[in-house]
Amino acid sequence: MIQKIIDIGHNTLNTIATFGRAFLMLVGALCAAPKIKNVRLTIQQIYVVGVQSLLIIIVSGLFIGMVMALQGYTILVNYGAEGSLGPMVALSLLRELGPVVTALLFAGRAGSALTAEIGLMKATEQLSSLEMMAVDPLRRVVAPRFWAGLIAMPMLALIFSAVGILGGHLVGVDWLGVDAGSYWSIMQATVEWDKDVVNGIIKSIVFAFVVTWIAIFKGYDAIPTSEGISQATTQTVVYSSLTVLGLDFVLTALMFGIN
Amino acid sequence: MSKDNHQYLVEVNNLTFSRGSRTIYDDINLRIPQGKITAVMGPSGIGKTTLLRLIGGQLKPDSGDIIFAGESIPNLPRKDLYETRKKMSMLFQSGALFTDISVFDNVAFALREHTHLSESVIATLVHLKLEAVGLRGAAQLMPSELSGGMARRAALARAIALDPELIMYDEPFAGQDPISMGVLVKLIKALNAALNLTSIVVTHDVSEVLDIADYVYILANQKIIGEGSADEIKHSSSPLVQQFLQGNADGPVPFHFPANDLTQDLVG
């Protein structure tokens with residue numbers, strides 16, 4: 001019994017210490033005057049985490065839009081409301097699926113890669129050798145990757161939603177014969193810029209912050225062995241996915257729950 | 001005394017350091033003379049690398065002080081510490097080359113980070129550094145294409161890129177074939193003389209390092225168990241030092257990691 005209490009206390013302290021280290025890492029990385037050189041590094045990283053994630057984002061967006069149109073049509077047509085297919089697809093994508101699915105895909109595609117890369121740099125003493133060359137790895141390695149994730153993910157989420165809406169059009173209008181005019185015009189009339197689009201972007205920025213932070217910290221804090229890195233990579237995907245789902249509920253409640 | 005101070009680039013005073021409950025160093029003193037090669041030897045796992053990390057300021061001692069070029073490393077603010085690190089460099093055991101850029105870019109890395117030299121000047125400097133370690137022809141190779149010995153030489157070129165005052169070698173001979181080892185021994189000596197460096201070589205390869213070291217410290221059991229010039233060490237009367245030099249399996253440094261009595265453990 002006493003042992004259990006000791007264990008709980010021990011784990012609690014460890015968790016708090018981990019949060020502390022994660023916070024210190026972020027402060028150390030971001031509290032610095034930006035340098036031209038670092039802007040270039042950030043752009044390079046945007047290419048790695050953003051542009052190279054485009055394929056999976058576009059394909060997923062397309063299929064999710066198509067499936068939603070198919071599912072939505074079979075239900076809506078019963079009520080003769082298939083004209084509302086456009087807003088249904090657009091609202092679900094912009095409010096929910098765009099930010100959330102992008103964040104989950106991003107955690108799997110780019111987050112795990114960030115963790116593994118930084119973890120390996122640690123294990124092979126590259127981070128140490130940067131320090132000894134008087135280059136702060138927090139600013140040289142961590143900061144550009146963090147900014148890149150923060151910038152790339154909201155853009156990816158918007159692309160996801162846009163492609164999804166086109167996918168919905170492909171199935172709903174071109175295949176199932178919903179009127180193209182009503183697909184677009186009812187969508188345009190229903191979707192509000194500040195309520196739907198902006199809230200979706202805000203969600204996406206929050207997810208980007210959390211997922212990138214977890215990914216980078218897990219790599220930076222990894223135990224520098226092959227086992228430690230594989231563990232850290234797994235944790236990145238699991239923790240960021242769970243955090244995104246949890247935060248999504250909170251954000252949705254705040255944004256759309258209480259009118 | 002003031003003259004003495006000037007002779008030493010690094011002074012380690014009453015250093016105590018422990019990791020968790022394990023004491024690594026217990027109140028040790030070292031002096032690294034300027035312009036010389038100092039060897040720090042000792043059995044594996046004794047924390048020789050830790051000593052280099054302490055000098056580099058990556059770790060903080062529990063007590064005691066480390067003076068590098070007149071500055072107390074453990075007490076330096078972060079910014080000054082990074083400034084001071086430009087004057088020292090370290091050759092890691094693995095080489096620690098950046099794997100995503102070529103050998104040329106690796107050597108140029110510190111120059112690009114810390115100087116405002118033009119690319120053509122940097123290219124000249126890099127080629128000179130690579131020539132010094134015999135790898136000018138390998139400039140465009142990626143680190144993964146180098147053999148272990150070449151990787152260490154490339155890392156050495158990178159370590160001397162900024163013309164540091166102090167260079168710390170962490171097990172430079174570990175896992176090298178006899179030819180690479182001979183090359184590295186020759187390089188360490190030649191570079192030390194040519195660039196007016198001060199070198200600290202941490203190693204357990206006794207014969208190689210005794211040939212080139214001006215001064216030797218032997219660490220074991222959290223203490224310095226012997227020091228002196230290479231000759232003095234060879235003829236040391238300390239049984240500990242002799243065990244280490246001869247490579248005897250058992251002696252004052254025990255073969256067995258501390259454990260319970262074997263019969264007790266087996267019978268239970």
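Reminder, nothing fancy here: chain letters follow the sequence lines and each chain counts from 1. The structure presented is a predicted model; accordingly, all values stated were derived computationally and were not measured.
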Visitor: Side chain, backbone, both or neither: which part of B/L97 has a heavy atom under 4.5 Å from chain A?
Guide: backbone
Visitor: Does atom CZ of B/R136 have more than 12 heavy-atom neighbours from other groups under 6.0 Å away?
Guide: no
Visitor: Rounded to the nearest 0.5 Å, what separation is found between the OH atom of B/Y82 and the CE atom of A/M132?
Guide: 10.0 Å
Visitor: Kindly give the heavy-atom pair with the smallest separation between A/A134 and B/H114, and that separation in Å.
Guide: O-CE1, 3.1 Å
Visitor: Counting only heavy atoms from other residues, nucleotides and ligands, does the tally under 6.0 Å from CD1 of A/I223 exceed 12?
Guide: no
Visitor: Tell me whether the count of non-hydrogen atoms from other residues, nucleotides or ligands lying under 6.0 Å of CH2 in A/W147 goes above 12.
Guide: no
Visitor: Report which part of A/S129 has an atom under 4.5 Å of a heavy atom belonging to chain B: side chain, backbone, both, or neither.
Guide: both
Visitor: In terms of heavy-atom pairs under 4.5 Å, which option from B/K87, B/M168, B/E113 contacts chain A the most?
Guide: B/E113
Visitor: Other residues, nucleotides and ligands only: do more than 12 of their heavy atoms fall within 6.0 Å of NZ on B/K36?
Guide: no
Visitor: Taking non-hydrogen atoms and a cut-off under 4.5 angstrom, which of residues 48-70 of chain B neighbour chain A?
Guide: B/R53, B/G56, B/Q58
Visitor: For the residue pair A/Q126 and B/T99, what are the closest heavy atoms and their distance?
Guide: NE2-OG1, 3.4 Å
Visitor: Let's test your reading of the structure: which of A/T124, A/L127, A/V135 forms the most heavy-atom pairs below 4.5 Å with chain B?
Guide: A/V135
Visitor: Indicate yes or no: at least one non-hydrogen side-chain atom of A/M133 is less than 4.5 angstrom from one of B/M90.
Guide: no
